[in-house]
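These notes are about the structure you will find just below.
Bear in mind that the values here come from a model prediction, so they are computed numbers and not experimental data. Residue numbering restarts at 1 for every chain, and letters A, B, ... go by the order of the sequence lines.
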Amino acid sequence: MSILVIAEHDNAGLKAATLNAVTAAAEIGARLGTDIHVLVAGADCGTVAEHATRIRGVTRVKVADAAHYGDQTAENLAALIVAVVDSSAGGYTHILAAATSNGKNTLPRVAALLDVAQISEIIAVVDVDTFVRPIYAGSALATVKSADAVKVITLRSTSFDAASQGGNAAIEAIPVGPDLGQAKLIGREMTRSARPELAAAKVIVAGGRGLASGENYHKLLEPLADKLGAALGASRAAVDAGFAPNDYQVGQTGKIVAPALYIAIGISGAIQHLAGMKDSRVIVAINKDPDAPIFQVADYGLVADLFQAVPELLAGL
Amino acid sequence: MKILVPVKRVVDYNIRVRVKADGSGVDLANVKMSMNPFDEIAVEEAMRLKEAGVATEVIAVSCGVVACQETLRTAMAIGADRSVLVETDIELQPLAVAKLLAAVAKKEAPQLIILGKQAIDDDANQTGQMLAALLGWPQATFASKVAIGDGKATVTREVDGGLETLEISLPAVVTTDLRLNEPRYATLPNIMKAKKKPMEIVKPAELGVDVAPRLTTVSVAEPPRRSAGIKVANVAALIDKLRNEARVIA
Ligand SMILES: Cc1cc2nc3c(=O)[nH]c(=O)nc-3n(C[C@H](O)[C@H](O)[C@H](O)COP(=O)(O)OP(=O)(O)OC[C@H]3O[C@@H](n4cnc5c(N)ncnc54)[C@H](O)[C@@H]3O)c2cc1C
């Protein structure tokens with residue numbers, strides 16, 4: 001029996017979230033004494049597979065290379081994962097993926113096809129069948145136990161360290177499945193930025209409705225982010241108002257982050273926002289309302305008008 | 001075409017839930033319940049498709065306890081034509097709900113099922129994808145724009161790096177994200193009208209679905225609290241703390 005980790009990648013490179021997934025798999029694998037395999041499904045994804053072989057703890061990298069896996073559409077991908085599970089001689093006890101938009105999109109489909117539950121966004125492994133996951137926007141942590149033969153799991157990258165390099169896994173090309181032809185990618189509008197990726201950034205500068213306009217958001221926060229080498233983030237209100245693109249949203253229904261430093265500017269601290277950032281190591285809040293709930297989680301709170309405080313902060317760094 | 005809109009009754013998003021002292025779950029006694037906000041967005045989208053002449057009938061479905069009737073009445077007050085309640089007192093998990101919805105979908109034969117991407121109670125984000133899998137239909141999750149064409153849907157999705165647009169064949173499952181639309185409020189006359197709209201009540205057994213939970217909750221605990229921080233007097237003090245106490249900036 002082995003554990004299968006689904007690689008997160010863009011055909012050219014392996015995404016860091018895969019390394020966190022391997023660590024979660026290793027925590028389970030250590031209890032079972034089982035191997036960890038990584039599945040790379042993509043188009044011209046040889047480089048990704050190579051990279052995956054070097055992750056410490058991985059013994060085998062299964063590669064399904066075909067044009068119809070290039071866009072990671074859930075229908076083709078889920079069918080492939082199920083075929084991999086069904087055809088594997090030793091069988092798989094667990095299937096894991098990071099809770100990225102791809103992981104969240106595909107894994108429940110896999111679980112349903114296997115007729116098993118999915119355990120979403122685990123933050124800790126208690127035992128081979130028992131896991132901790134936040135519920136109610138992180139207001140509670142549930143410990144759940146699965147009775148299914150195969151455990152299908154997504155995990156929060158922020159809760160598991162990245163697996164290190166130094167592995168030497170074997171590559172196995174596996175048979176590709178058919179193109180189901182149910183979904184076709186017809187366009188992509190990716191947010192271009194030279195700044196670090198939000199989910200993996202060490203420092204995040206996040207802005208909320210208090211910035212009052214998209215222009216202010218950019219004018220005030222971008223220089224600060226650049227000075228700190230930070231990623232930009234936003235509250236839902238800032239995204240809804242068009243100050244920032246959708247993929248900047250931090251929170252219960254956006255991205256979960258845990259940087260070394262999170263600076264919340266003009267963000268009130270609604271529970272849905274806190275759900276996405278309260279595990280940050282150091283939280284700074286700048287808000288003119290001394291009673292804003294964000295101050296309850298902030299290590300350093302500054303009650304001030306952001307239009308004065310942010311330029312001053314930039315000048316002082 | 002028919003649109004099926006699954007809706008879930010959840011704790012209102014403004015409520016801060018408390019963990020029960022015995023760690024068996026969260027305290028839901030006398031707590032305000034509402035329709036899951038993402039499902040409100042789904043009902044709204046279905047109504048817009050009906051108003052645009054794309055859909056002919058909108059059917060709301062809910063699975064759960066008797067009180068889910070209220071959630072269905074809300075959906076009908078927003079505009080759904082009729083509703084189905086799959087009634088049970090058993091704790092329903094996403095796989096069971098997906099199976100129940102698949103059984104309803106087989107009877108109703110909708111061309112589109114549109115539902116919230118996640119419920120704000122269990123935060124599972126599974127049901128739509130599972131439903132699509134069980135029906136063998138394509139899916140477009142986390143939708144911020146939906147256009148229905150000839151036998152297909154063009155859906156813009158909110159993904160990690162930005163937006164992507166998929167073309168999927170119908171019938172299909174779409175799950176909603178926050179930016180899809182801003183749901184309308186039900187007006188008083190429509191709330192009155194909704195009371196007279198048909199609601200069918202079925203039991204899981206009549207649909208031939210085994211809803212037994214696959215996961216057991218061992219315990220529910222409060223998350224660790226962050227220790228209280230301090231307020232700094234000015235920007236200079238903030239920079240000093242970040243540099244010399246927290247050591248997070250150079
Ligand atoms: C289903 C659902 C899902 C949600 N998911 C998320 C999510 O994932 N992420 C998320 O963030 N939210 C989410 N929300 C929304 C959440 O409930 C809040 O509405 C949102 O986080 C508020 O954003 P905000 O703090 O920017 O705005 P507000 O709450 O309006 O706060 C603005 C703050 O700016 C301060 N301010 C104003 N002017 C100034 C100034 N000049 N100087 C300094 N401070 C100033 C104000 O004092 C205030 O505290 C969700 C809501 C629902 C219903």
Give, as side chain, backbone, both or neither, the part of [X] having an atom under 4.5 angstrom from any heavy atom of chain A.
| X | answer |
| --- | --- |
| B:Leu95 | side chain |
| B:Ala124 | both |
| B:Leu238 | side chain |
| B:Arg157 | side chain |
| B:Ala172 | neither |
| B:Val159 | both |
| B:Val232 | both |
| B:Thr154 | side chain |
| B:Gln118 | side chain |
| B:Pro94 | neither |
| B:Ile239 | side chain |
| B:Phe38 | side chain |
| B:Arg243 | side chain |
| B:Ile249 | side chain |

Between [X] and chain B, with a heavy-atom cut-off of 4.5 Å, which part of the residue counts as in contact: side chain, backbone, both or neither?
| X | value |
| --- | --- |
| A:Ser193 | neither |
| A:Gln308 | neither |
| A:Ala78 | neither |
| A:Tyr248 | neither |
| A:Leu185 | both |
| A:Val310 | neither |
| A:Glu197 | neither |
| A:Ile119 | both |

How close do [X] and [Y] get, counting heavy atoms only, and between which atoms?
| X | Y | value |
| --- | --- | --- |
| B:Val235 | A:Ala309 | CG2-O, 3.7 Å |
| A:Pro108 | B:Gln126 | CB-O, 3.7 Å |
| B:Pro223 | A:Gly138 | CG-O, 3.2 Å |
| B:Asp123 | A:Ser120 | O-CB, 4.5 Å |
| A:Ser139 | B:Val19 | O-CG2, 4.0 Å |
| B:Ile168 | A:Ala183 | CG2-CB, 3.6 Å |

Top residue by heavy-atom pair count (under 4.5 Å) with chain A, among [options]?
| options | value |
| --- | --- |
| B:Ala236, B:Ala250, B:Gly25, B:Ala221 | B:Ala221 |
| B:Glu182, B:Glu222, B:Arg179 | B:Arg179 |
| B:Leu163, B:Val11, B:Val10, B:Ile15 | B:Leu163 |
| B:Asp160, B:Val220, B:Leu166, B:Val248 | B:Asp160 |

Say whether A:Glu312 and B:Asn234, considering side chains only, have a donor N or O and an acceptor N or O under 3.5 Å apart. no
Polar side chain donor-acceptor pair, A:Gln118 to B:Arg214, under 3.5 angstrom: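 No pair is found: no donor N or O on one side chain lies under 3.5 Å from an acceptor on the other.
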Can you tell me how far the [atom1] atom of [X] sits from the [atom2] atom of [Y], to the nearest 0.5 Å?
| X | Y | atom1 | atom2 | value |
| --- | --- | --- | --- | --- |
| A:Ser101 | B:Lys117 | OG | NZ | 9.5 Å |
| A:Leu317 | B:Leu242 | CG | CG | 8.0 Å |
| A:Glu75 | B:Ser169 | CD | OG | 8.0 Å |
| A:Asn246 | B:Leu178 | CG | CG | 10.0 Å |
| B:Lys152 | A:Gln182 | NZ | CD | 15.0 Å |

Any donor and acceptor pair, going by atom type alone, linking the side chain of B:Gln129 with main-chain N or O of A:Leu107 inside 3.5 Å? no
I'd like to know whether A:Tyr136 forms a side chain to side chain contact (heavy atoms under 4.5 Å, CB included) with B:Val26, so could you lay out the CA-CA distance, the side-chain angles of the two residues, the decisive distance to 0.1 Å, and finally the verdict. CA-CA 9 Å; A:Tyr136 293 95; B:Val26 298; 3.4 Å; yes
Among [options], which residue has the highest count of heavy-atom pairs closer than 4.5 Å to chain B?
| options | answer |
| --- | --- |
| A:Thr154, A:Thr253, A:Asn105, A:Thr191 | A:Asn105 |
| A:Lys202, A:Glu121, A:Lys255 | A:Lys255 |
| A:Arg188, A:Lys145, A:Lys104 | A:Lys145 |
| A:Leu228, A:Val116, A:Asp71, A:Val203 | A:Val116 |
| A:Leu313, A:Asn102, A:Asp279 | A:Leu313 |
| A:Val144, A:Val282, A:Leu141 | A:Leu141 |

Salt bridge (charged side-chain N to carboxylate O under 4.0 Å, His left out) between A:Asp299 and B:Arg226: does it pass, once the steps are laid out? CA-CA 9 Å; A:Asp299 299 279; B:Arg226 283 188 82 93; 2.7 Å; yes
Salt bridge between A:Arg133 and B:Asp122, side-chain N to carboxylate O under 4.0 Å? no
Are B:Lys99 and A:Asp115 within salt-bridge range, i.e. N to O under 4.0 Å? yes
Do the non-hydrogen side-chain atoms of A:Arg109 and B:Gln139 ever get within less than 4.5 Å of each other?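 Yes - at least one pair of side-chain heavy atoms lies under 4.5 Å apart.
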Both conditions, 6.0 Å and 45 degrees, for the charged tip of B:Lys231 above the ring of A:Tyr300: are they met here?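 No, a cation-pi geometry is absent between B:Lys231 and A:Tyr300.
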